[in-house]
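Every value quoted in this text rests on a predicted model; they were computed, and no experiment measured them.
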Amino acid sequence: MSLTLAYVEENLTGEIDPEKLAQIAGCSAYNYYRMFSFITDMSLTEYIRRRKMTLAAIDLLNSDIKVIDLALKYGYDSPVSFSRAFQALHKVTPTEARADGVTLKACPRISFQISVKGEKEMEYRIEKKESFQVFGYEGIFKVDGGGTFPSTPHELWNQNQVNGAYEKLASDAGDLPNFVAQDLCKVHGVCDYRQTQPGTFAYMQCAFKSGSSRTEGYTVVDIPACTWVIFPAERFKWDQVVEVCTTLNKRFYSEWLPTSEYEQENGLCIEVYGGDADMGYLELWFAIRKKS
C-alpha cells in the first residue's frame with residue numbers, strides 16, 4: 001500500500017493508472033480502491049484531489065504561475081474545474097489564495113503501518129466450498145464511482161427495489177443450496193468475480209442457483225471452488241446496512257488481513273444477507289489463500 005502511494009506522489013502532475021496501482025498492490029483495481037477507502041475513510045479519487053490541491057497551493061505561493069497553467073499542470077481541462085476543486089479544499093479561490101494572511105489547508109501524504117488494536121474481538125470462520133453458480137443482474141461499474149446511473153452497486157440495489165426487479169429475482173431464486181444456512185434471504189451480492197476492462201469492476205445482485213431456480217433472462221456466473229473467510233455481523237436495522245457492511249470491510253482490510261496467514265484470492269467477495277422485515281443480518285465472504 002505504501003508503494004502504491006509512492007507511485008501516486010510521482011504522478012500527481014501526470015496520469016495515475018488504476019491498473020498500475022493494482023499491479024503494485026497485487027490485486028484487482030477495484031479491490032485496491034476498496035481497500036484504500038475502507039482503511040483511510042476516503043476514496044482514492046478524493047485523496048488524489050486533496051494532494052493535488054495541496055501542492056497547487058504551494059505553487060501559487062512560491063511562483064507567479066498562471067491559474068490556467070496550474071490547472072493544466074494538475075490535469076484539469078479548464079481553470080473553472082480546477083478552481084472548483086481548489087475551493088472545495090481551501091475554501092478560497094486560487095486568486096484569493098495569493099493574498100497575505102489567507103488560511104489554506106494541507107492534506108499530508110498518507111503512509112501505511114500495521115497497527116494491532118485488539119479493541120474488540122472479531123468473529124470469523126474459514127470454510128472450503130466447492131464451485132457453485134449464482135445468477136442475477138450484473139452491472140459493470142467504474143472503480144472511481146463515475147458513469148451513468150446506476151453508477152454504484154448501492155444504486156443498483158435501490159433501482160431494483162423500486163422497479164420490482166428485486167422481488168422477481170427473489171421469486172425466481174428457488175430453494176437455497178445446502179451449503180448455506182436455510183434461513184437466509186434469497187437475494188445477495190457478489191463482486192469482482194471476473195476480469196473487466198481497466199478501471200472497472202463487475203458486481204451482481206444475485207441468487208444462489210439450485211435445482212429449483214429459474215435462470216432464464218439472467219446472467220449466470222460460475223464461482224470457483226476456494227477457501228472463504230466469513231465475517232458475520234450482529235443483527236441491525238435495515239437502514240444501517242451500508243454502515244454495517246463498511247465496518248466489516250474496514251476491519252477485514254485493516255485488522256484481520258494484515259495479521260493473518262492468508263492473502264486475498266483476487267478480490268472475490270460475496271455479501272450474504274439474512275434477517276426479517278425489521279432486522280437484517282449480513283455475512284461477508286472473502287476468497288483467500290495461504291500466503292506462499
Side-chain angles (χ1 to χ4, degrees), residues 1-10 16-44 47 109-134 143 153 179-180 188-196 198-204 206 221-233 244-272 282-292:
M1 295 295 286
S2 294
L3 288 175
T4 63
L5 291 192
Y7 168 78
V8 168
E9 289 296 313
E10 293 167 0
I16 297 174
D17 182 3
E19 297 304 316
K20 179 63 175 179
L21 286 168
Q23 181 184 2
I24 295 171
C27 62
S28 70
Y30 171 59
N31 202 39
Y32 175 77
Y33 272 69
R34 291 177 73 214
M35 283 192 292
F36 187 94
S37 63
F38 289 129
I39 294 172
T40 66
D41 291 322
M42 80 172 81
S43 69
L44 179 65
Y47 172 72
R109 174 178 172 177
I110 289 175
S111 61
F112 291 99
Q113 296 177 339
I114 294 177
S115 176
V116 183
K117 297 179 181 179
E119 295 173 357
K120 184 178 180 181
E121 67 275 8
M122 295 182 69
E123 291 187 2
Y124 70 92
R125 63 186 190 271
I126 295 178
E127 297 181 2
K128 292 184 178 180
K129 296 186 183 297
E130 298 299 321
S131 61
F132 57 90
Q133 291 182 310
V134 296
V143 295
F179 61 83
V180 298
H188 310 281
V190 58
C191 63
D192 223 14
Y193 47 87
R194 69 178 180 89
Q195 190 172 4
T196 57
T200 67
F201 68 96
Y203 179 94
M204 180 186 293
C206 67
V221 168
D222 295 314
I223 305 298
C226 61
T227 301
W228 301 88
V229 58
I230 300 174
F231 292 88
V244 171
C245 188
T246 298
T247 299
L248 281 182
N249 272 289
K250 182 179 179 67
R251 297 199 69 188
F252 167 72
Y253 285 115
S254 64
E255 296 178 39
W256 189 87
L257 191 61
T259 56
S260 74
E261 297 179 353
Y262 294 89
E263 58 190 7
Q264 279 193 275
E265 186 76 50
N266 299 318
L268 180 58
C269 176
I270 302 179
E271 305 157 9
V272 177
L282 170 66
E283 292 181 353
L284 290 186
W285 298 11
F286 297 95
I288 56 172
R289 61 173 178 260
K290 281 274 192 178
K291 290 180 180 177
S292 57

Are side-chain heavy atoms of Thr227 and Ile126 found at a separation under 4.5 Å? yes
Would you name the heavy atoms of Glu19 and Pro198 that are closest together and state the gap between them? OE2-CA, 3.2 Å
Is it the case that atom OH in Tyr47 sees more than 12 heavy atoms from other parts of the structure closer than 6.0 Å? yes
Could you go through Leu44 and Leu21, starting from their C-alpha distance and side-chain angles, then the distance that decides it, and tell me whether this counts as side-chain contact (heavy atoms from CB on, under 4.5 Å)? CA-CA 11 Å; Leu44 179 65; Leu21 286 168; 3.5 Å; yes
Yes or no on side-chain contact (heavy atoms from CB on, under 4.5 Å) for Ile223 and Val134, after CA distance, side-chain angles and deciding distance? CA-CA 7 Å; Ile223 305 298; Val134 296; 4.3 Å; yes
Taking atom types as modelled and ignoring hydrogens, do the side chains of Thr4 and Tyr32 form a donor-acceptor contact shorter than 3.5 angstrom? yes
Would you say Val229 and Leu257 make side-chain contact, with heavy atoms under 4.5 Å? no
Rounding to 0.5 Å, atoms CG (Leu284) and SG (Cys245) come to a distance of 5.0 Å
Separation of Glu130 CD from Cys226 SG (nearest 0.5 Å): 10.0 Å
Just wondering, do Leu248 and Leu282 contact through their side chains at under 4.5 Å, heavy atoms? yes
Looking at Glu265 and Arg289, is any side-chain nitrogen of the basic one under 4.0 Å from a carboxylate oxygen of the acidic one? yes
Might you confirm whether atom CD of Gln195 has over 12 heavy atoms from other residues, nucleotides or ligands at distances under 6.0 Å? no
On the 0 to 90° scale, with breaks at 30° and 60°, tag the Tyr30-Phe201 ring pair as parallel, tilted or perpendicular. parallel
For the residue pair Met35 and Cys27, establish whether any side-chain heavy-atom pair is separated by less than 4.5 Å. yes
Go through Phe36 and Tyr253 one step at a time and tell me if the side-chain contact (heavy atoms from CB on, under 4.5 Å) criterion holds. CA-CA 9 Å; Phe36 187 94; Tyr253 285 115; over 6 Å; no
Is the count of non-hydrogen atoms from other residues, nucleotides or ligands lying under 6.0 Å from Lys291 atom NZ greater than 12? yes
Contact check, side chains of Val221 and Arg194, non-hydrogen atoms, under 4.5 Å: no
Separation between CD (Gln23) and CG (Asp17), nearest 0.5 Å, reads 9.0 Å
Looking at every heavy atom in both Ala22 and Ala29, which two are closest together, and how far apart are they? CB-N, 3.4 Å
Which value, rounded to the nearest 0.5 Å, describes the distance between Phe286 atom CZ and Asp192 atom CG? 11.5 Å
Supply the atom-to-atom distance Lys290 NZ to Tyr262 OH, rounded to the nearest 0.5 angstrom. 4.0 Å
Between the side chain of Tyr124 and the main-chain N/O of Phe252, is any donor-acceptor distance below 3.5 Å? no
May I ask you to test the Ser111-Leu5 pair for a side-chain heavy-atom distance under 4.5 Å? no
Minimum heavy-atom distance between Gly267 and Arg34, given as atom pair plus value: O-NH1, 4.0 Å
Do Ser254 and Ile39 have side chains that approach each other closer than 4.5 Å (heavy atoms only, starting at C-beta)? yes
Hey, are the side chains of Trp228 and Leu268 touching, using non-hydrogen atoms and a 4.5 Å cut-off? yes
How are the rings of Phe132 and Trp285 set to each other: parallel, tilted or perpendicular (split at 30° and 60°)? perpendicular
Roughly how far, to the nearest 0.5 Å, is the SG atom of Cys206 from the CD1 atom of Ile270? 7.0 Å
Using side-chain contact (heavy atoms from CB on, under 4.5 Å), reason through His188 and Glu283 one step at a time and then give a plain yes or no. CA-CA 10 Å; His188 310 281; Glu283 292 181 353; over 6 Å; no
